[in-house]
Every structure is written in C-alpha cells, then in structure tokens.
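In what follows, a single structure is set out as structure tokens and then discussed.
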Amino acid sequence: MQRVKRRLAAVMCADVAHYSKLMERDEDGTLDRLKSYREVMASLTERHNGRIVNTWGDAVIIEFSSVIEAVQCAVDIQNELSVRNAAVDDANRMDFRVGINLGDIMVEGDDIYGDGVNVAARLQELAPKGGIMLSQSVYDQVKTKLALGFDPQGARHVKNVTDPVETYLIRLGGRNAPPETADGDEPLQMEVPVQLSPVNKPEWGKDTEKVANGFEQARRWLRSQPKRIRGSVAMIGFFLLLNLLTTGFGNLWFVWPSLPFLFIVAWHLIVGRREKKLEGRVMPEVLNKDTSD
C-alpha cells in the first residue's frame, strides 16, 4: 500500500453567494459571468504562484505554497471582481465568499484532502459576500507582513472539526485601520461626510473622480493580463515617455517603435474575444453537467 503524501499548504476555497438564485433569475447570463470571473481568478492565481486544484459548479479550491501569496491573491481577486460588479445591477451581482486556511493536507494525484482543506471550506461558508475569512494559522503568518486590516470574529465551531476555529475577516476597500476608541471599550461614531448634491458638487470634482476611477480600472485590467501583455504596455509607455521628454507633443515618433507591441496587445484582445465566444457556446453544457446547486 502506497503511503499518502502530506504537505503543509495554504488552501483557498471560494464560491458564489446565492448562486442558485442567480441561476434561477438568469441562467445564461450567470454562466457567462461565472466563466468570465473564473478567468480573472485563474490569471491572478497564476501570478501569485498558486494552483487551481478543483472546480465544480460555482466553487473553486486553490493551493498555495506561500500564505502571503494566498492572502494577497484573495484580496486582488475580490478587488478586481468588485470593479466588475460595479457595472452590474444589484440583482445580478456575483459576489464570491473566500476562506483561507494554513494546514496539513493529504495529496493524491492532483487532488488534496484533509482538515486543512475542510477548514478552508468552512471558513468560506462563514465569510460575507465579497469577503475573505482567515483562520488563526493564516492570520499569525500575515498580520505583520501585509498592509491589511483584520477584524477578529471570535472562535467558531465548524462542521467536522472538533476544536473551535479562531477567525479573522480582512478589511477590504481601503479600510485598513479599525475605528478609534475613546476609552478602549466602544468604537467612536464616525461622522458621515456631507454629500454634495449633483447641483452643488463642483464639476472639477466629478471630472477628477472619473479620471481616478478610469485609472484604477485600467490598473486592475493590466494586472489581470498575461506577462507579455503587461510587458508590451510597459514598452509602449516607455517610448511615449521618452518621446515627451525629448520632443514633446510636436513630433509623436513613439508610435513607430511601439508598433510591434501594439500589434501584440491588439492580437491578444482580438483572439481573446473570439476564444470567449467559442468557449461560451460550449461552457453552459459543461457547467450544467457539473452543477447540482
């Protein structure tokens, strides 16, 4: 009898909140959005040196050798998907819940088993929509190494685990610091900033906000692209900067040395869209076979 292989690993489990309701409301649109979001997750997983172990229905299990990479990948995933969800109406938003645990796992072929995986799956069930829940073992490794905020959620009893699991929720959306307290007991009530009406809000403020949002979406799109695309965009930016420093806008010569890189980006966008259309015809049938939810 062959001995089961074991190793220590960070395991991320994620699934879609209220997936059955989304499928009932719009089956085709939900499947298309799930496929698109999974592509984002796969790209970010590869960038953070993770391995997608399994997918079924709306769920996914990812293994990392580094706890830091696992948590940073989860944050990048939730941030990127929140940007995409901003363009979707509330009824069709697809929010993922994520749980991460560091523990001993059993390895059989490409699959992984054991308490390390089970705890991650249970943490995912405890996470709020769009949230990331960590175990104590993960928190201990990342609390001083990542510029993130954490909210203790206390010890939670989870299925098939004897001892309660200490849990921590990551603060997302730039909320890295907890509310200050006046006497150490109760959080101070934060003042709600007065929102200017559309009539009174300065036009320059609107324009600045639009530009900032545009830059942020472009940055997140670029981070989700393959290395060759990020490198091509960097070279185009380099030539543009060199052009502006040498001749300004009077002679835009940067286009010519940028042509090969522009072609690579254009080809990636064109081929990517075609592949999505082709895969979209087959994917619903495949997912329907795997989906029992």
Side-chain angles (χ1 to χ4, degrees), residues 12-48 52 55-62 72-99 124-133 169-175 195 198 201 206-226 229 268-270 272-288 290-293:
M12 178 199 301
C13 290
D15 80 342
V16 179
H18 307 305
Y19 181 67
S20 297
K21 292 182 179 179
L22 292 173
M23 287 289 289
E24 182 180 0
R25 185 178 297 111
D26 181 9
E27 190 173 76
D28 291 337
T30 298
L31 290 174
D32 288 342
R33 195 167 295 113
L34 176 63
K35 178 178 176 296
S36 173
Y37 285 16
R38 274 183 170 170
E39 289 174 352
V40 173
M41 298 173 75
S43 176
L44 291 171
T45 296
E46 181 180 2
R47 182 186 310 167
H48 289 281
I52 294 181
T55 59
W56 69 92
D58 61 312
V60 60
I61 296 179
I62 307 174
Q72 190 60 64
C73 181
V75 171
D76 289 347
I77 286 174
Q78 294 291 41
N79 285 337
E80 174 62 25
L81 296 188
S82 69
V83 172
R84 298 192 174 217
N85 276 329
V88 181
D89 59 276
D90 291 341
N92 294 309
R93 284 177 61 94
M94 182 171 288
D95 293 300
F96 277 80
R97 302 174 299 184
V98 177
Q124 162 252 301
E125 294 173 356
L126 296 174
K129 294 191 301 181
I132 305 169
M133 190 74 76
L169 189 64
I170 293 180
R171 297 191 200 105
L172 296 172
R175 299 182 303 108
Q195 298 293 330
K201 189 172 182 179
K206 295 181 181 179
D207 294 338
T208 302
E209 184 178 350
K210 289 180 181 179
V211 172
N213 290 336
F215 274 116
E216 179 64 17
Q217 292 187 20
R219 185 182 69 85
R220 296 195 184 283
W221 173 85
L222 185 59
R223 291 185 63 183
S224 66
Q225 299 307 305
I229 301 302
H268 171 75
L269 295 176
I270 294 172
R273 289 176 181 174
R274 290 180 178 176
E275 289 178 349
K276 287 182 180 179
K277 289 181 180 179
L278 292 175
E279 292 175 2
R281 298 172 184 172
V282 180
M283 194 65 181
E285 299 180 2
V286 175
L287 284 175
N288 281 332
D290 294 338
T291 302
S292 58
D293 194 348

Looking at [X] and [Y], what are the two nearest heavy atoms and their distance?
X      : Y      : result
Ala127 : Val98  : CB-O, 3.5 Å
Ala14  : Gln124 : CA-CG, 4.1 Å
Lys129 : Ala17  : CG-CB, 3.5 Å
Leu169 : Pro128 : CD1-CD, 3.6 Å
Ile62  : Val60  : CG1-CG2, 3.9 Å
Ile132 : Val75  : CD1-N, 3.6 Å

Practice task
Determine whether the side chains of Tyr37 and Asn85 contain a donor N or O and an acceptor N or O closer than 3.5 Å.
Solution key: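 Yes, a side-chain donor-acceptor pair sits under 3.5 Å.
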Exercise for the section: Please confirm whether the backbone N or O of Phe96 pairs with a side-chain atom of Gln78, one donor and one acceptor, at under 3.5 Å? Expected result: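 Checking the backbone N and O of Phe96 against the side chain of Gln78, a donor-acceptor pair under 3.5 Å is found.
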Handout entry: Donor-acceptor pair, side chain of Ser36 and main chain of Asp32, under 3.5 angstrom
Key =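 No, Ser36 side chain to Asp32 backbone: no donor-acceptor pair under 3.5 Å.
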Exercise for the section: Enumerate the residue pairs fulfilling salt bridge (Lys or Arg N to Asp or Glu O under 4.0 Å) with a member in residues 85-97, sequence neighbours excluded, ordered by first and then second residue. Expected result: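 Every pair satisfying salt bridge (Lys or Arg N to Asp or Glu O under 4.0 Å) with a residue in residues 85-97: Asp15-Arg97, Arg93-Asp95.
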Between [atom1] on residue [X] and [atom2] on residue [Y], distance to nearest 0.5 Å:
X     : Y     : atom1 : atom2 : result
Arg33 : Arg84 : CZ    : CZ    : 11.5 Å
Glu80 : Ser82 : CD    : OG    : 8.0 Å
Asp58 : Met23 : CG    : CE    : 9.5 Å

Minimum side-chain heavy-atom gap [X]-[Y] below 4.5 Å:
X     : Y     : value
Ile77 : Val40 : no
Met94 : Leu34 : yes
Arg38 : Ile52 : no

Practice task
List the steps, then state whether side-chain contact (heavy atoms from CB on, under 4.5 Å) holds for His48 with Asp76.
Solution key: CA-CA 10 Å; His48 289 281; Asp76 289 347; 2.8 Å; yes
Exercise for the section: Please name all residues satisfying salt bridge (Lys or Arg N to Asp or Glu O under 4.0 Å) with Glu125, sequence neighbours left out, ordered by chain then number. Expected result: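 Counting only residues at least two positions away or on another chain, Glu125 forms a salt bridge (Lys or Arg N to Asp or Glu O under 4.0 Å) with Arg122.
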